[in-house]
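Take a look at the structure set out below.
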There are 2 protein chains.
Amino acid sequence: MPSNRAPTRIQKKNRAAILEAALDVFSAQGFRGATLDQIASAAGLSKPNLLYYFPSKEAIHQAVLARLLDTWLDPLRAIDPDGDPLEEILAYVRRKLQMSRDYPRESRLFANEIVQGAPRIEPVLSRDLKSLVDEKTTLIETWMRQGRIAQVHPYHLVFSIWSLTQHYADFDVQIRAVLGDEDPFDAAPAFIDTLYRRLLAP
Amino acid sequence: MPSNRAPTRIQKKNRAAILEAALDVFSAQGFRGATLDQIASAAGLSKPNLLYYFPSKEAIHQAVLARLLDTWLDPLRAIDPDGDPLEEILAYVRRKLQMSRDYPRESRLFANEIVQGAPRIEPVLSRDLKSLVDEKTTLIETWMRQGRIAQVHPYHLVFSIWSLTQHYADFDVQIRAVLGDEDPFDAAPAFIDTLYRRLLAP
DNA sequence: CGTGAGTTTGACCGTTTGGTCAAATCAAAG
DNA sequence: CTTTGATTTGACCAAACGGTCAAACTCACG
């Protein structure tokens, strides 16, 4: 096990390679579907060497998940109470959609976890996620009461944004199977933009 | 192995119990996460007895998936070309949402499969699913050209319906973590109804 | 009640998998 | 160059897992 002193050059490089490889494998196969051999080989290391840097498969998974959760909520946090309501929400939608395009593995890793009951992250959801969503829905409700956007159920509004945007990463194969050659991300932004403009127009 | 004659009373009962148990386990754990012991015990059988009725884990999974796919597209098929456009689409949305409420395990099984790249059902998607969606989007485009509903990208309209409705089954734990005690299905139907009315109003 | 087909199971097997360990190799500082 | 700690690996282990098999048991029917 690496000492708990300042990480060496090699430690930094290998830890990063492992997390990258683990994201690849876990997002594509799920926790139980992934094997240490797959991750090790994807990271260019031997299996015992893998376990020199992380004590267990569980620990690797948690590290990957922790890094993901840390940035996953940034787009929601960035909604500005002082901005224009409709534009703030539309900007949030665009950021989320862009994350589906740019970080599909992260989205699928998260989806895998939730679909299977979120055994390892439920506490984070009902604490950090809930309080953040509570805060933002309160803001949205204020905007609605002021008549600056239309009145709809604020929580379900947020759920709809999550589902619409993440769907393009999580259900990618299904969408491509139906669309054929067309790139989903050509028309999706305009469609979703229109959808929320019509839903929220005061 | 059961003979290929007409199934006996016991065969019918046990096959049904196995498929029911397998749906439970596969939808909650994914294919690799599920074990034959779990399925056998959930079905009230021993593992060798399980394998007396199905030749392999693979075969059980395929049987469950086949039964699912058979009914999964019924709501979409039921869209009536001679009905009122907006009401037909809203009825489709309602049927899909009801399926999320009544058959969450089926939805999650499907989600598990798709998120992990749909290795076993990709052919079905790009054949059966694609041709059905092609047919219905053509119909929807006709309605749009006639000015009976607003013009939006018909494929993304369908994707949005899938994502919004299935989200309530697939991401159930996340939604409940955020909502607390409130039942998601109390407000979801009205929210989604409003969303599509505003999106599609001519 | 006897009989043959249908059903169930305990014991077992080979493979995969997460994980260990001692020994070997490498890197950096004096 | 030497030393010391960091890194790497081949060999190995125990548990879990999918699957097999022969023997035992049960059921329906004449």
Side-chain angles (χ1 to χ4, degrees), chain A residues 1-65 109 112-113 116 119-120, chain B residues 1-65 112 116 119-120:
Chain A
M1 193 160 44
S3 69
N4 39 15
R5 298 223 291 260
T8 69
R9 168 183 63 88
I10 295 179
Q11 274 172 39
K12 274 192 232 170
K13 190 193 66 174
N14 282 347
R15 271 187 209 274
I18 291 170
L19 290 180
E20 167 69 19
L23 175 59
D24 231 59
V25 176
F26 280 136
S27 67
Q29 320 257 40
F31 180 76
R32 296 244 358 212
T35 72
L36 289 180
D37 282 302
Q38 283 177 313
I39 297 173
S41 130
L45 301 173
S46 67
K47 186 171 66 169
N49 204 6
L50 237 203
L51 292 165
Y52 171 70
Y53 291 98
F54 289 88
S56 67
K57 182 183 180 183
E58 204 34 73
I60 300 175
H61 190 247
Q62 279 182 351
V64 175
L65 222 46
L109 177 67
N112 257 307
E113 197 62 15
Q116 299 191 5
R120 305 164 229 274
Chain B
M1 193 162 42
S3 70
N4 38 16
R5 297 223 290 260
T8 69
R9 168 183 63 88
I10 295 178
Q11 274 173 38
K12 274 193 233 172
K13 190 193 67 175
N14 282 347
R15 271 185 209 275
I18 291 169
L19 289 180
E20 167 69 19
L23 174 60
D24 230 58
V25 177
F26 280 134
S27 68
Q29 319 258 35
F31 180 76
R32 297 242 359 210
T35 71
L36 288 180
D37 283 302
Q38 283 177 311
I39 298 173
S41 129
L45 301 173
S46 66
K47 185 170 63 168
N49 204 6
L50 237 203
L51 292 165
Y52 171 71
Y53 290 99
F54 288 89
S56 68
K57 181 183 180 182
E58 198 47 62
I60 300 176
H61 189 248
Q62 279 181 351
V64 176
L65 222 45
N112 257 307
Q116 299 192 4
R120 304 163 231 273

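By convention in this document, chain letters (A, B, ...) are assigned in the order of the sequence lines, proteins followed by strands, and residues within each chain are numbered from 1.
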Check whether any side-chain heavy atom of A:Ile10 sits under 4.5 Å from a side-chain heavy atom of A:Tyr53, and report yes or no.
yes
More 5' along DNA chain D: B:Ile10 or B:Lys57, using each one's nearest nucleotide?
B:Lys57
From CA spacing to verdict: side chain to side chain contact (heavy atoms under 4.5 Å, CB included), A:His61, A:Phe54
CA-CA 10 Å; A:His61 190 247; A:Phe54 289 88; over 6 Å; no
Contact class for A:Ala34 vs. all strands (heavy atom < 4.0 Å): base, sugar-phosphate, or nothing?
sugar-phosphate
With DNA chain D as reference, determine whether B:Thr35 or A:Ser46 sits nearer its 5' end, using the nearest nucleotide of each.
A:Ser46
Do the side-chain N or O atoms of A:Arg9 get closer than 4.0 angstrom to the phosphate oxygens (OP1, OP2) of C:dA28?
yes
Does A:Asn49 make a side-chain N or O approach to OP1 or OP2 of D:dT9 shorter than 4.0 Å?
yes
Going by atom types only, do B:Asn112 and A:Gln116 share a side-chain donor-acceptor pair under 3.5 Å?
yes
OP1 or OP2 of D:dT8 sitting under 4.0 Å from any side-chain N/O of A:Tyr53?
yes
Respond yes when some side-chain nitrogen or oxygen of A:Gln11 is under 4.0 Å from OP1 or OP2 of D:dT7, and no when none is.
yes
Could you state the atom-to-atom distance from NZ of A:Lys12 to P of D:dT7 in whole Å?
12 Å
Nearest-Å distance, CG (B:Leu45) to C1' (C:dT9)?
11 Å
Minimum-distance nucleotide to A:Pro48 side chain [options: C:dG19, C:dC21, D:dC21]:
C:dC21
Indicate whether OP1 or OP2 belonging to C:dT7 is found under 4.0 Å from a side-chain N or O atom of B:Tyr52.
yes
Rounded to the nearest angstrom, tell me the gap between atom NZ in A:Lys13 and atom C1' in C:dC26.
12 Å
Rounded to whole Å, how long is the line connecting atom CZ of A:Phe54 with atom C1' of D:dT7?
15 Å
Evaluate the side-chain proximity of A:Lys13 to A:Arg9: yes if any heavy-atom separation is below 4.5 Å, no if none is.
no
With a 4.0 Å cutoff (strictly under), does any side-chain N or O of A:Arg32 reach OP1 or OP2 of D:dC17?
yes
Choosing from D:dT8, C:dT7, D:dG18, which nucleotide comes nearest the side chain of B:Lys47?
D:dG18
Between P of D:dC17 and CD of B:Gln38, the distance in whole Å:
7 Å
Given side chain to side chain contact (heavy atoms under 4.5 Å, CB included), test A:Gln29 with A:Gln38 step by step and report yes or no.
CA-CA 10 Å; A:Gln29 320 257 40; A:Gln38 283 177 313; 2.8 Å; yes
Protein-nucleotide distance (B:Leu36, atom CG; C:dG14, atom C1'), rounded to Å:
15 Å
Please walk me through it: do A:Thr35 and A:Lys47 pass side chain to side chain contact (heavy atoms under 4.5 Å, CB included)?
CA-CA 10 Å; A:Thr35 72; A:Lys47 186 171 66 169; over 6 Å; no
For the pair made of CZ in B:Arg15 and P in C:dT8, what is the distance, rounded to whole Å?
12 Å
Does a nitrogen or oxygen in the side chain of A:Asn14 sit under 4.0 Å from OP1 or OP2 of D:dA6?
no
Taking only the side-chain nitrogens and oxygens of B:Thr8, find out if one of them lies under 4.0 Å from OP1 or OP2 of C:dT7.
yes
A:Glu58 CD to C:dT17 C1', straight-line distance once rounded to whole Å:
15 Å
